[in-house]
Amino acid sequence: MQLIQENPDLSAYLAADEVIDHHHPRVRETAERLARGVDDSYEYARVAFDFVRDTIAHSQDSGDLRVTWRASDVLERRTGICYAKAHALAALLRAEDIPTALCYQYLGVVHGLVAVRFHGAWHRQDPRGNKPGVDARFSLEGERLAFTPDAASGERDHPVLYAAPHPAVLDALRSAPDRPHLWRALPTVL
């Protein structure tokens with residue numbers, strides 16, 4: 001699949017905003033801690049990916065009813081659905097000057113992940129969190145995502161790389177008082 005930058009300006013994929021708030025002290029401290037002892041940006045990206053995938057619980061898997069959407073809140077509360085975990089990973093990567101995009105798959109509902117730019121190309125990564133049947137890994141040598149869309153069921157990859165969360169995703173997160181409400185409001189189209 002050909003990935004398409006929504007914004008041709010690569011600096012847009014390094015920007016901080018209300019959601020990907022990599023200027024926030026919690027994000028900065030976490031990024032600095034993860035960067036200690038790593039040799040290069042690739043190793044940092046892998047360490048940050050593993051941190052988000054393995055230490056931030058996917059709220060559906062853990063039964064947590066809280067809804068998080070801002071990267072700093074995801075890191076503080078250690079919970080979030082796929083979108084929130086993607087926001088946290090994007091913030092940690094951008095904090096270390098690694099261009100990071102938000103991207104999506106349609107799997108009956110919209111699923112969120114990220115793409116990182118290394119060696120002149122975008123590489124999708126899915127920090128959703130592993131569980132039985134899901135084995136996502138950081139890779140620049142071919143995708144190791146949590147899910148592969150089933151085209152026969154109408155599932156598909158969305159090729160656009162966004163610099164900021166898609167408005168439909170952000171609206172669903174912001175308007176949900178808890179995860180059960182969020183589950184009923186998950187976007188099905190972008």
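- Checking side-chain atoms of Lys85 against main-chain N and O of Gly80 turns up no donor-acceptor pair under 3.5 Å.
- The two residues Ile56 and Thr79 make their nearest non-hydrogen contact at CG2-N, 3.7 Å.
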* What's the verdict on salt bridge (charged side-chain N to carboxylate O under 4.0 Å, His left out) for Asp135 and Arg144, showing C-alpha distance, side-chain angles and the deciding distance? -> CA-CA 7 Å; Asp135 186 26; Arg144 296 287 308 269; 3.4 Å; yes
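- Following chains of ILVMFWY side-chain contacts shorter than 4.5 Å, one can reach Val27 starting from Trp69, so the two form part of one hydrophobic cluster.
- Within the 4.5 Å cutoff, the side chain of Leu170 has no heavy atoms near those of the Tyr83 side chain.
- To the nearest 0.5 Å, the span separating SG on Cys103 from CH2 on Trp122 amounts to 9.0 Å.
- Defined by atom type and a distance below 3.5 Å, a donor-acceptor pair is present between the side-chain atoms of Ser72 and Asp21.
- Cluster annotation: Val47 is connected to Phe49 through the hydrophobic network of ILVMFWY side chains, with a link wherever side-chain heavy atoms come within less than 4.5 Å.
- Hydrophobic cluster membership is shared by Val169 and Leu102, with clusters built from Ile, Leu, Val, Met, Phe, Trp and Tyr side chains linked at under 4.5 angstrom.
- For Arg46 and Phe138, the positive end is not near the middle of the six-membered ring at less than 6.0 Å and at most 45° from its axis.
- Rounding to the nearest 0.5 Å places OG of Ser139 at 9.0 Å from NE2 of His123.
- Glu76 and Arg70 are not joined by a salt bridge, as no carboxylate oxygen comes within less than 4.0 angstrom of a charged side-chain nitrogen.
- Contact detail for Arg28 and Ala95: the closest heavy-atom pair is NH1-O, 3.1 Å.
- Annotation for Val38 and Ala35: closest pair CG2-O, 3.1 Å, computed over non-hydrogen atoms.
- Nearest heavy atoms, His24 versus Arg26: ND1-N, 2.9 Å.
- Hydrophobic clustering places Ile20 together with Leu173 (ILVMFWY residues linked when any side-chain heavy atoms are closer than 4.5 Å, directly or through intermediates).
- Within the model, atoms OG1 of Thr148 and CD of Glu155 stand 9.5 Å from one another, a figure rounded to the nearest 0.5 Å.
- For the residue pair Arg179/Gln60, the side-chain donor-acceptor check at 3.5 Å is satisfied.
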* To do: Go through the steps to decide whether Leu186 and Leu182 satisfy the test side chain to side chain contact (heavy atoms under 4.5 Å, CB included), and finish with yes or no.
  => CA-CA 6 Å; Leu186 290 176; Leu182 176 60; 4.0 Å; yes
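- The shortest heavy-atom contact between Pro149 and Gln105 is CD-NE2, 3.6 Å.
- Residues Trp183 and Val110 fall within the same hydrophobic cluster, defined by Ile, Leu, Val, Met, Phe, Trp and Tyr side chains chained together at heavy-atom separations under 4.5 Å.
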* Asked: Does the pair Gln5 and Leu10 meet the rule for a side chain to side chain contact (heavy atoms under 4.5 Å, CB included), with working shown?
  -> CA-CA 9 Å; Gln5 282 182 220; Leu10 197 57; 4.3 Å; yes
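- Remark: side-chain polar atoms of His22 are paired, donor with acceptor, to backbone N or O of Leu14 under 3.5 angstrom.
- Residue Tyr44 comes nearest to Leu92 through the heavy atom pair OH-O, 2.8 Å, listed as atom of the first residue, atom of the second, then distance.
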* Asked: Run the salt bridge (charged side-chain N to carboxylate O under 4.0 Å, His left out) check on Arg33 and Glu29 step by step: do they pass?
  -> CA-CA 6 Å; Arg33 183 170 37 83; Glu29 181 278 324; 3.3 Å; yes
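- Salt-bridge annotation for Asp157 and Arg124: present, with a side-chain N of the basic residue lying under 4.0 Å from a carboxylate O of the acidic one.
- The structure places CG of Leu65 at 11.0 Å from NE2 of His181, a figure rounded to the nearest 0.5 Å.
- Using the six-membered ring where Trp is involved, His158 and Tyr162 have ring planes that are parallel, under 30° apart on the 30 and 60° scheme.
- Looking at His111 and Asp126, their side chains do bring a donor and an acceptor atom within 3.5 Å of each other.
- To the nearest 0.5 Å, the span separating CZ on Phe51 from CG on Leu75 amounts to 6.0 Å.
- Side-chain N/O atoms of Ser11 and Asp9 include a donor and acceptor closer than 3.5 Å.
- Here OG1 of Thr100 is found 11.0 Å from OH of Tyr13. Values are rounded to the nearest 0.5 Å.
- Inter-residue side-chain proximity for Asp178 and Arg66 is flagged as unmet; no heavy-atom pair is nearer than 4.5 Å.
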* Asked: Between Arg53 and Arg128, is a side chain to side chain contact (heavy atoms under 4.5 Å, CB included) present by the stated rule, with each step listed?
  -> CA-CA 6 Å; Arg53 183 195 63 195; Arg128 182 229 177 267; over 6 Å; no
* To do: Could you check Glu6 against Leu161 for side chain to side chain contact (heavy atoms under 4.5 Å, CB included), going step by step and ending with a plain yes or no?
  => CA-CA 6 Å; Glu6 173 195 38; Leu161 301 173; 5.9 Å; no
